[in-house]
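Written below as structure tokens is the structure these notes are about.
When reading the values below, keep in mind they use all heavy atoms of this one structure, side chains included, and skip hydrogens, waters and symmetry mates. Since the structure is predicted, the reported quantities are computational estimates derived from the model, not experimental observations. Remember, it's 1-based here, ligands and their atoms both numbered in the order they're listed.
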Amino acid sequence: MNIPQLQQEILRLKQEQDVCILAHSYQAREICEIADFTGDSYKLSVDASKAENKTILMCGVRFMAETCKILSPEKTVLLAQPMAGCAMADQMDRDLIAQVKKSFPGYTVVAYINTTAALKTICDVCVTSSSAVQIVNRIDNKDILFIPDCNLGAHVAKQCPDKNIKLLNGGCPIHACVNTDDVKTAKALYPNAELLVHPECVPEVCAMADYIGSTSGIMQYAVQSDKKEFIIGTEISIAEHLQYMCPDKTFHILSLKLICPNMKATTLVDVYNCLNGNDGEEIILDDATIRDAKRCIDEMIRLGE
Ligand code: 13P
Ligand code: SF4
């Protein structure tokens with residue numbers, strides 16, 4: 001089967017089986033095309049909780065599928081490619097943070113949504129890159145322990161000067177690899193372009209940007225801007241999607257280091273196989289994990305509204 005035939009077959013199967021397909025914006029175009037919802041991690045978690053289908057199929061990484069299961073425990077949640085983890089989410093586990101928390105009594109523990117379900121059970125509130133600043137500002141406590149991403153945490157700390165924010169040394173190895181030389185090279189090649197970056201990039205790179213935001217934020221900014229040329233400082237799929245969305249504008253990739261192998265692990269064939277019951281993984285979480293992790297996600301939704 002070629003790609004359009006595979007897509008037709010996927011659309012038929014998902015209708016037949018009452019499946020809602022979610023695709024994170026870092027997924028390939030042919031996957032986004034067959035999805036019911038696409039977007040950043042915050043939007044997907046809210047879309048999934050509102051969907052009426054009995055099954056959710058996540059094309060993204062494991063923590064995103066876990067978040068869907070936590071918000072919709074009565075639904076069957078499938079991860080299209082079981083190998084798709086997140087290098088940042090796997091950096092810090094529950095035992096480590098339980099230990100670290102002892103050194104920060106009285107602190108509110110804010111967990112980036114890129115964390116495992118098990119770790120969320122001992123945190124106070126989740127944030128996504130699009131909601132982190134607003135949520136941290138709305139937390140009553142001045143003392144915040146922000147995990148695991150020190151780059152997103154530094155970005156939040158800059159925007160929330162009244163807060164006392166402690167960071168740990170975690171982060172996204174893909175975004176954190178981009179450095180100021182990469183930015184200088186791209187700016188020299190494309191002097192008229194605006195630089196849009198994800199806050200998972202290091203602070204020195206963020207400081208050189210015209211706009212810092214989540215995957216959805218970057219896309220929205222580029223679509224609405226009067227400017228015609230952009231350098232995109234996040235996973236390369238975003239530049240590709242934008243080029244299709246805005247054919248009259250030009251999008252350059254900040255660095256070819258910005259390819260997330262986990263996000264690229266899912267293929268259209270995986271989606272097809274998963275719908276046929278031949279691949280994919282059903283996300284199973286015990287009741288206590290769902291109950292405790294949900295507190296932290298519910299708090300994110302409450303403070304994010
Ligand atoms: P968003 O929250 O912007 O979707 O980002 C998720 C992610 O994994 C970025 O690397
Ligand atoms: Fe995780 Fe980084 Fe990939 Fe995002 S880009 S899914 S944070 S490894």
Q. Strictly under 2.8 Å, is any N, O or S atom of C86 next to atom 2 (Fe) of ligand 2?
A. no
Q) Under a 4.0 Å N-O cut-off, is there an ion pair linking K120 with D292? A) no
Q | Polar atom proximity, D40 to ligand 1 (N or O, under 3.5 Å) | A | no
Q: Measure the OG1-CD distance between T115 and Q91 for me, rounded to the nearest 0.5 Å.
A: 11.5 Å
Q. What do the steps show when you test L168 against V100 for side-chain contact (heavy atoms from CB on, under 4.5 Å), and what is the final call?
A. CA-CA 9 Å; L168 300 183; V100 172; 4.1 Å; yes
(Q) Give me the residue, atom name and distance of the protein heavy atom closest to atom 3 (Fe) of ligand 2. (A) C260 SG, 2.4 Å
(Q) Could you walk me through whether S225 and Y211 satisfy the side-chain contact (heavy atoms from CB on, under 4.5 Å) test, starting with their C-alpha distance in whole Å, then the side-chain angles of each, then the deciding distance to 0.1 Å, before giving a yes or no? (A) CA-CA 11 Å; S225 170; Y211 173 81; over 6 Å; no
Q) Does ligand 1 have any atom sitting under 4.0 Å from a heavy atom of C172? A) no
Q.
Among all protein heavy atoms in this structure, tell me which lies nearest to atom 4 (Fe) of ligand 2, with the distance rounded to 0.1 Å.
A. Y26 CE1, 4.0 Å
Q | Closest approach of any protein heavy atom to atom 8 (O) of ligand 1, naming residue and atom | A | N114 ND2, 3.2 Å
(Q) Can you tell me how far apart CE (M1) and CD1 (I10) are? Round to the nearest 0.5 Å. (A) 8.0 Å
(Q) Between M208 and L254, is there shared hydrophobic-cluster membership here, with clusters defined by ILVMFWY side-chain heavy atoms closer than 4.5 Å? (A) yes
Q. Side chains of D124 and T108: donor-acceptor distance under 3.5 Å anywhere?
A. no
Q. Which ligand 1 atoms are under 4.0 Å away from a heavy-atom of H175?
A. 10 (O)
Q) Using 4.0 Å as the upper bound for N to carboxylate O, is an ion pair formed by E299 and R302? A) yes
Q. For S216, is at least one N or O under 3.5 Å away from an N or O on ligand 1?
A. no
**Q.** Which residue and heavy atom of the protein sit nearest atom 4 (O) of ligand 1, plus the separation
**A.** H24 NE2, 2.6 Å
Q: Give the numbers and elements of all ligand 1 atoms closer than 4.0 Å to a heavy atom of Y26.
A: 7 (C), 9 (C), 10 (O)
Q) Does any non-hydrogen side-chain atom of V202 lie less than 4.5 Å from one of V205? A) yes
Q) Can you check whether T128 has an N/O within less than 3.5 Å of an N/O in ligand 1? A) no
Q.
List ligand 2 atoms under 4.0 Å from M88, heavy atoms only on the residue side.
A. 7 (S)
Q: Looking only at protein heavy atoms, identify the closest one to atom 2 (O) of ligand 1 and say how far it is in Å.
A: S41 OG, 2.7 Å
**Q.** Within-shell test, H198 vs ligand 1, heavy atom, strictly < 4.0 Å
**A.** yes
Q) What is the closest protein heavy atom to atom 2 (Fe) of ligand 2, and at what distance does it sit? A) C172 SG, 2.3 Å
Q: I would like to know whether H24 and T38 meet side chain to side chain donor-acceptor pair (under 3.5 Å); could you show each step before the answer?
A: CA-CA 5 Å; H24 186 267; T38 58; over 6 Å; no
Q: Could you tell me whether ligand 2 has any atom less than 4.0 Å away from a heavy atom of E200?
A: yes
Q) Which heavy atom of the protein is the closest neighbour of atom 8 (S) of ligand 2, given with residue, atom name and distance? A) A87 N, 3.6 Å
Q: Please write down residue, atom name and distance for the protein heavy atom closest to atom 10 (O) of ligand 1.
A: E200 OE1, 2.7 Å
Q: Can you sort out which atoms of ligand 2 are near N114, meaning under 4.0 Å from one of its heavy atoms?
A: 7 (S)
Q) Counting each atom of ligand 2 from 1 as listed, which ones have a heavy atom of H175 under 4.0 Å away? A) 5 (S)
Q: Give the numbers and elements of all ligand 1 atoms closer than 4.0 Å to a heavy atom of S214.
A: 3 (O)
Q: Determine, for E74 against K54, whether the closest basic-nitrogen to carboxylate-oxygen distance falls under 4.0 angstrom.
A: no
Q) Looking at R62 and E66, does any basic side-chain N land under 4.0 Å from a carboxylate oxygen? A) no
**Q.** Pair D162-K142, salt bridge (Lys or Arg N to Asp or Glu O under 4.0 Å): steps then yes or no
**A.** CA-CA 7 Å; D162 297 339; K142 184 177 187 305; over 6 Å; no
